[in-house]
**Q** 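Before anything else, here's the structure in question.
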Amino acid sequence: MRNADTVVAIATAPGRAGIGVVRVSGSKVREISVAIVRRALRPRRATLCDFVDARANVLDRGIAVFYPAPNSYTGEDVLELQGHGGLAVLQLVMRRCLELGARPAQPGEFTQRAFLNDKLDLAQAESVADLIEASSEAAARSALRSLTGEFSGRVHELTRSLVDLRMLIEATLDFPEEGIDFLARANVPQKLQAIRDGVASLLERAAQGRLLREGISVVIIGRPNVGKSSLMNRLAQQELAIVTDVPGTTRDTLRHEILMEGVPIHLVDTAGLRETADVVESLGIERTWHEARGAAIALVLVDAGEGITDADRQILSTLPESTNKIIIFNKIDITGDQPARADSAQGPTVRLSVRTGAGLDLLQAAILDAAGWRPADENLFSARERHLQALREAAVALEMAALEDSPELIAEGLRIAQQALGRITGEFSADDLLGEIFSRFCIGK
């Protein structure tokens, strides 16, 4: 366990509530505890007591719990003061802790200390924030699965297999005359393929978990009066956007988050695209293109009665090539067409009626397919882009190793793969990476 100064923070969310928690961790916890509650606390026992200031004036009355090191969340001595949930009273208790030698905790510092004291690995530590921020039950379950160590356990299992294979291969470097024949007799190609399959499987599950955690950005774009705002309202199942027959009604972007099979969809409704001399509308159109450039998926609405016009083709050609495009032929309630989903040279197409909702299920399925979502899997892990990058790097290194005949080059590929996997759990992590990860946590966690 590392020696550390003492930090304090209000661990509950801002605002009024029935209960509020002040959390303290570090070397001065015992003396702070005695000073505030005027008694020595029994470990892991909830004690009803007064919280007092330097003159023994009562600041609040609540529950105090002392967790001695190393059996605490951070691995250090920890004190939790559970009082009433008003901000003013919590600040009084926190101020008293500061007077007694603590300092304000930085965002994520309690969890960072847990990581540094080997209570959590880095993937588990990140899943703490993911669990707090989960926007669906599926995302919460995947974060909890990572927090309990399932994701890390699979990474460690693959790492152990890599280490065993590295030992086997590097042993041949001392006996070069054995060479390739020895590797074949030891079933090295089969063992290497098993590791590659394991990395590929973990990458797939992690990619799905990242979708549950981060969601996907979807922009609704098209000419005026093709039904963009109506589609926004239909998907959100509430009247968010003003809908009229007047072109240019929508002049600014409108954002809303919905869930599709537990996946957060970050919807953006935009101004209709057309030539205009209106200064305000022009600003809205500029924002439309800004949003379109940053979106993963663009829902391009066209009028089913008119088909794809030259203006629609201009919109499609202007969108970034990296953006997944779904062309929506709206107003089939007027044309008499049936709801349908198909593929075209420009991308997937969906025929629907925003007004009646016919074909909306086809659109939702097309969005999830474009996002890369697969049918719900109960064994997904909460994952981040850095996890996926590490797994991809490991997969590439293993692929290169599988193509080599030289034991030296195979061993080098395995070393690179092992190092990439180690970054996931924090075995190989730079201090600046740790600082960025924990700075995104909330204060008090």
Side-chain angles (χ1 to χ4, degrees), residues 133-143 208 211-273 284 287-288 291-292 294-304 323-335 337-341 347-376 380:
E133 297 171 1
S135 57
S136 68
E137 291 183 11
R141 285 195 296 269
S142 68
Q208 297 294 288
L211 272 178
L212 281 178
R213 175 186 173 270
E214 298 181 5
I216 195 80
S217 58
V218 178
V219 63
I220 304 173
I221 195 169
R223 295 180 290 115
N225 282 26
V226 290
K228 297 184 300 299
S229 295
S230 296
L231 178 60
M232 176 77 157
N233 292 342
R234 173 67 72 173
L235 290 171
Q237 298 183 2
Q238 55 182 299
E239 296 297 319
L240 297 173
I242 297 174
V243 178
T244 74
D245 293 330
V246 179
T249 298
T250 302
R251 297 191 170 207
D252 203 351
T253 55
L254 179 64
R255 302 171 186 275
H256 189 69
E257 182 176 301
I258 64 173
L259 294 176
M260 292 183 182
E261 296 187 15
V263 178
I265 305 295
H266 310 294
L267 281 176
V268 182
D269 182 26
T270 61
L273 298 174
R287 293 187 179 185
T288 294
E291 294 293 340
I297 300 173
L299 306 182
V300 184
L301 263 73
V302 303
D303 190 316
T323 303
N324 289 303
K325 307 166 188 67
I326 301 175
I327 304 172
I328 302 172
F329 291 89
N330 185 28
K331 305 181 182 180
I332 63 171
D333 53 301
I334 297 176
T335 63
D337 295 334
Q338 293 298 309
R341 178 182 169 187
T349 65
V350 177
R351 293 185 178 272
L352 54 72
S353 168
V354 172
R355 187 178 69 82
T356 67
L360 196 67
D361 57 332
L362 300 177
L363 174 59
Q364 292 174 333
I367 292 173
L368 291 174
D369 284 348
W373 179 247
R374 303 291 178 264
L380 299 182

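Just so it is clear, the values below take in all heavy atoms, side chains as well, and ignore hydrogens, waters and symmetry mates.
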**Q** Rounded to the nearest 0.5 Å, what's the gap from CD1 on Ile265 to CD on Gln364? Could you check?
**A** 9.0 Å
**Q** Measuring from atom CD1 of Ile367 to atom CD1 of Ile216, what distance do you get when rounded to the nearest 0.5 angstrom?
**A** 10.5 Å
**Q** Mind listing the closest non-hydrogen atom pair of His266 and Glu214 along with its distance?
**A** NE2-O, 2.8 Å
**Q** Working to the nearest 0.5 Å, report the span between CG of Asp337 and CZ of Arg351.
**A** 5.0 Å
**Q** Got a sec, which residues hit side chain to side chain donor-acceptor pair (under 3.5 Å) with Asp369, two or more places apart in sequence or on another chain?
**A** Arg341
**Q** Evaluate Asn330 against Leu352 for side-chain contact (heavy atoms from CB on, under 4.5 Å), listing each step before the verdict.
**A** CA-CA 5 Å; Asn330 185 28; Leu352 54 72; 3.7 Å; yes
**Q** Just how far is it from atom CG of Leu231 to atom CG of Leu360, taken to the nearest 0.5 Å?
**A** 7.0 Å
**Q** Any chance you could measure Ile221, atom CD1, to Thr323, atom OG1, to the nearest 0.5 Å?
**A** 9.0 Å
**Q** I need the minimum non-hydrogen distance between Leu363 and Val350, along with the two atoms involved.
**A** N-CG1, 4.0 Å
**Q** In sequence, state the C-alpha distance, the side-chain angles, and the governing distance for Val218 and Ile326, and then conclude on side-chain contact (heavy atoms from CB on, under 4.5 Å).
**A** CA-CA 10 Å; Val218 178; Ile326 301 175; over 6 Å; no
**Q** Should Leu235 and Met260 count as side-chain neighbours, where that means a heavy-atom distance under 4.5 Å?
**A** yes
**Q** Treating Lys228 as the side-chain partner and Val226 as the backbone partner, does any N or O pair qualify as donor plus acceptor under 3.5 Å?
**A** no
**Q** Go through the structure and list residues passing side-chain contact (heavy atoms from CB on, under 4.5 Å) with Leu259, not counting sequence neighbours.
**A** Ser135, Ser136, Pro264
**Q** Any carboxylate oxygen within less than 4.0 angstrom of a Lys/Arg side-chain nitrogen, looking at Asp303 and Lys331?
**A** yes
**Q** Supply the atom-to-atom distance Leu301 CG to Ile327 CD1, rounded to the nearest 0.5 angstrom.
**A** 11.0 Å
**Q** Closest heavy-atom contact between Leu212 and Ser142?
**A** CD1-OG, 4.2 Å
**Q** What heavy-atom pair brings Ser217 and Ala295 nearest, and what distance separates the two atoms?
**A** OG-CA, 3.4 Å
**Q** Does Glu257 have more than 12 heavy atoms from other residues, nucleotides or ligands lying within 6.0 Å of its CD?
**A** yes
**Q** Answer yes or no: is there a donor N or O on one side and an acceptor on the other, between the side chain of Ser353 and the main chain of Ile332, under 3.5 Å?
**A** no
**Q** Check step by step if side-chain contact (heavy atoms from CB on, under 4.5 Å) holds for Asp269 and His256.
**A** CA-CA 9 Å; Asp269 182 26; His256 189 69; over 6 Å; no
**Q** Compare every heavy atom of Gly357 with every heavy atom of Arg234, then report the nearest pair and how far apart it is.
**A** NH2-N, 3.5 Å
**Q** So which atom in Arg374 and which in Gln208 form the shortest heavy-atom distance, rounded to 0.1 Å?
**A** N-OE1, 2.7 Å
